[in-house]
Number of protein chains: 2
Amino acid sequence: MQREAPTLAHVARLAAVSENTVSRVIRNKGPIAEETRKRVIAAIDSLGYVPNRAAGSLASSSSLIIGVLLPSLSNIVFPEVLHGIHAALADTSYQAMIGVTDYDLLQEQKLLSSLLAWQPAAIVTTGFDHTDTSRRMLEQSGIRIAELMDIDDRPIDIAVGLSHRRAGRESARHLVGRGYRRIGYVGHDWSADRRAHFRYEGLRQGLQEAGLSLAAEFRFEGASSTMAGREALAQLLGGGHGVDAVVFSNDDMAVGGFMHCLGAGLAIPERLALFGFNGLDIGQALPRPLSTIRSNRFLIGRTAVEKLLEARERPTEPQIIDTGFEIVDGATA
Amino acid sequence: MQREAPTLAHVARLAAVSENTVSRVIRNKGPIAEETRKRVIAAIDSLGYVPNRAAGSLASSSSLIIGVLLPSLSNIVFPEVLHGIHAALADTSYQAMIGVTDYDLLQEQKLLSSLLAWQPAAIVTTGFDHTDTSRRMLEQSGIRIAELMDIDDRPIDIAVGLSHRRAGRESARHLVGRGYRRIGYVGHDWSADRRAHFRYEGLRQGLQEAGLSLAAEFRFEGASSTMAGREALAQLLGGGHGVDAVVFSNDDMAVGGFMHCLGAGLAIPERLALFGFNGLDIGQALPRPLSTIRSNRFLIGRTAVEKLLEARERPTEPQIIDTGFEIVDGATA
DNA sequence: AGAGTTTATGTTAGCGCTGAGATAATTTCG
DNA sequence: CGAAATTATCTCAGCGCTAACATAAACTCT
């Protein structure tokens, strides 16, 4: 029924040229007479020829694959990064091949190794934490590497993201500027989330620069979630530290905190101010939009891929691309 | 610096066997003497050999790639499906290759064609709507195909999901059972979301079976979002139809509706009952957990891949796998 | 006009692996 | 005990493409 898929040879015969010429037309490489190009394209169309990528990869020892390693898919942040990656890939012939590490560096290493088996054109991964073996594989592969989200360290090739330390510091400055003095922190387990830790440190630094320190803090044992934020804020307030504002490790946690306040009848921001991080939609859809910091995840993904595709060779010096952040001046702080 | 990556030939020489034997050890195919296997594995480990997938794919004209076509990444539902897909893939050598169609059937066709260029082991796509060309490519490829989310039509190979028509009907029955009689509908643009339309039809059918009909309806012009739900509910209520319950096209919209009620001081569910669809976390973190229907997205993704990997051949008759749904008996309806 | 240059195309040898069939060593059984 | 069956391995062609080089034709330029 389904006759064999047409190959270069079929196209070449139909267009009465050599295989190599067809290949060059397809890859837009080397000089081609306009008339020949037309004939080849007509042949391709009439046969419905689709190049076999495996053969191409093998022959050229490089592929049109972009390997993407994400720590998680259940945190909306990473699908948004992935969305940006796809936006940049949309009009190219590149395809994203995804691996999910579950925040596990050994898993990252394993996935990295199987991604490299496809000889991808580039690898996009997250953060600067890698096993020594992963780092060696990344370095020796020679291909372009982007490390996303964070820019507070030295990348292998390029880093695209924002300074979480600075973001934390700006949270402090914003709240202090608004007149809050007894500022608390509600976070989640940051053993797997180094960036949340950086923001926390930035927050403390910012407070210190204003002559203040954290009035109270509570860290939920486990991953961040709306539920976690809700429970954690209840815990923090139960401590009776008289805080007037709370910085959350991210928006998910902050939205949970908002829900707790609604349930407990605490006026926001009069009784308690709330401040998040990420700038998720859900925070902006609350009855009072959440005050937070927008982290531009989509932009991070898109910029990273754009930069990677700009040049096949790594720059001589590692590059850092700061996609920045903005204070979202909501109504909760 | 980076010496050539080792190939089968290197491993073979080191283990003093033929390349083919090494290949068979790796693929666990054909009889191998235990002692030989050990020697080969030792050689692989000592060289850090990683098979070149492009070469393997070319030689076997099939690859360890699972092509995944998703309509969107900005709707949390699809990242969750992708999460399930990755969960099922985690302990295999398969890799997911992703394409995002933006709900555009022509884009799906284009992506499908470039996925097939990798000779994937299977394709996972969404829904039953495809261009004729896409359908032909899927059918003729001969590989396993899963169509996700929906089971209200005849699949090419297997369908994994739930009956949205039935889900809509159950929403109606639930609300009627709770004593609501003036039931309204708030939806979004369903030209790209056939499943939302199916739920709507199921809802109407369910109401009809109870001798009722929709008291009012409002469809937001555009994609679903929390903001859209908030505005759309305001619009619906502005119409003065005296509805006592509203079914939303999904949880995002319903959460927006919840926010409107909070802002407008409408008691939930006393003044107005709210009912969603999907069972997202955010709905359950509201001060009153949202009454909704859980659609098991993760399970859909995982089950689909498990089924696809069970057999290389398509079943003689298309199969339908119902992952079901449950009424989440929250506090809003 | 002849040498050099540019443009357009062809020829050929693999890329690293797998599949099919061949071969060799071992076991089974009438 | 020899033929058949089984187990373990090898040999070799070729998957469909691209890189490198070779060639041919068409232009320059003095």
Side-chain angles (χ1 to χ4, degrees), chain A residues 3-41 43-44 47-65 93 114 116-121 312, chain B residues 3-41 43-44 47-65 93 113-114 116-121 142 312:
Chain A
R3 63 199 178 292
E4 289 305 301
T7 70
L8 264 195
H10 298 119
V11 178
R13 201 174 321 139
L14 184 56
V17 293
S18 74
E19 294 186 28
N20 192 304
T21 301
V22 178
S23 175
R24 278 183 344 243
V25 167
I26 289 170
R27 288 175 299 143
N28 233 337
K29 212 175 176 187
I32 297 284
E34 196 44 40
E35 200 236 327
T36 311
R37 158 175 280 115
K38 276 190 192 136
R39 222 170 53 236
V40 169
I41 293 196
I44 288 174
L47 292 175
Y49 169 72
V50 176
N52 179 326
R53 297 291 179 201
S57 304
L58 179 59
S60 67
S61 46
S62 80
S63 74
L64 294 173
I65 289 173
S93 302
S114 51
L116 289 174
W118 290 101
Q119 317 216 77
R312 285 180 67 106
Chain B
R3 62 200 177 293
E4 290 305 302
T7 69
L8 264 196
H10 298 119
V11 178
R13 202 174 318 139
L14 184 57
V17 293
S18 75
E19 294 187 28
N20 189 292
T21 302
V22 178
S23 175
R24 272 168 17 233
V25 168
I26 290 170
R27 288 176 298 144
N28 234 335
K29 211 175 179 190
I32 297 284
E34 195 45 41
E35 200 235 329
T36 311
R37 158 175 279 116
K38 275 189 192 137
R39 223 168 55 235
V40 169
I41 293 194
I44 289 174
L47 291 175
Y49 169 73
V50 175
N52 179 326
R53 297 289 179 204
S57 304
L58 179 59
S60 66
S61 45
S62 80
S63 75
L64 295 172
I65 289 173
S93 302
S113 150
S114 52
L116 288 175
W118 290 101
Q119 317 216 78
R312 284 180 67 107

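These numbers come from a predicted model, not from an experiment. Labels below follow one simple rule: chain letters A, B, ... track the order of the sequence lines, proteins then strands, and each chain is numbered from 1.
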Within this structure, what is the [atom1]-to-[atom2] distance between [X] and [N], rounded to whole angstrom?
X        : N      : atom1 : atom2 : value
A:Arg24  : C:dA8  : CZ    : P     : 10 Å
B:Glu19  : D:dA13 : CD    : C1'   : 13 Å
A:Leu8   : D:dC15 : CG    : P     : 13 Å
A:Arg13  : D:dG16 : CZ    : P     : 12 Å
B:Gln119 : D:dC17 : CD    : C1'   : 12 Å
A:Glu35  : C:dT9  : CD    : C1'   : 13 Å

Quick one: which of [options] gets closest to the side chain of [X]?
X       : options                : result
A:Ala59 : C:dC17, D:dG16, D:dC10 : D:dG16
A:Thr7  : D:dA8, D:dG16, D:dT11  : D:dG16
B:Pro31 : C:dT11, D:dC17, D:dT9  : D:dT9
A:Leu58 : C:dC17, D:dC17, C:dG16 : C:dG16
B:Asn20 : D:dT11, C:dC17, C:dT9  : D:dT11
B:Lys29 : D:dT18, C:dG16, C:dG19 : C:dG19

Verify the contact: side-chain N or O of [X] to OP1 or OP2 of [N], cut-off strictly under 4.0 Å; return yes or no.
X       : N      : value
B:Ser60 : C:dT18 : no
B:Arg27 : C:dT18 : yes
A:Thr21 : C:dG10 : yes
B:Ser23 : C:dT18 : yes

Would you say the side chain of A:Thr36 lies within less than 4.5 Å of the side chain of A:Val17, judging by non-hydrogen atoms?
yes
For the student: nearest non-hydrogen atoms of A:Ala54 and B:Leu58, plus distance:
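What the structure gives for the nearest pair is CB-N, 3.9 Å.
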Regarding B:Ser57, tell me which of base, sugar-phosphate or nothing describes its non-hydrogen contacts under 4.0 Å with the strands shown.
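B:Ser57: no heavy atom of the nucleic acid under 4.0 Å.
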Should the pair B:Glu35-B:Lys38 be classified as a salt bridge under the 4.0 Å nitrogen-to-oxygen rule?
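Judged by the 4.0 Å cut-off on N to carboxylate O distance, B:Glu35 and B:Lys38 do not form a salt bridge.
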For the backbone of B:Glu19 and the side chain of B:Ser23, can you confirm whether one donor and one acceptor N or O come within less than 3.5 Å of each other?
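Checking the backbone N and O of B:Glu19 against the side chain of B:Ser23, no donor-acceptor pair under 3.5 Å is found.
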Within the side chain of B:Arg53, is there an N or O that forms a donor-acceptor pair under 3.5 Å with the backbone of A:Trp118?
no
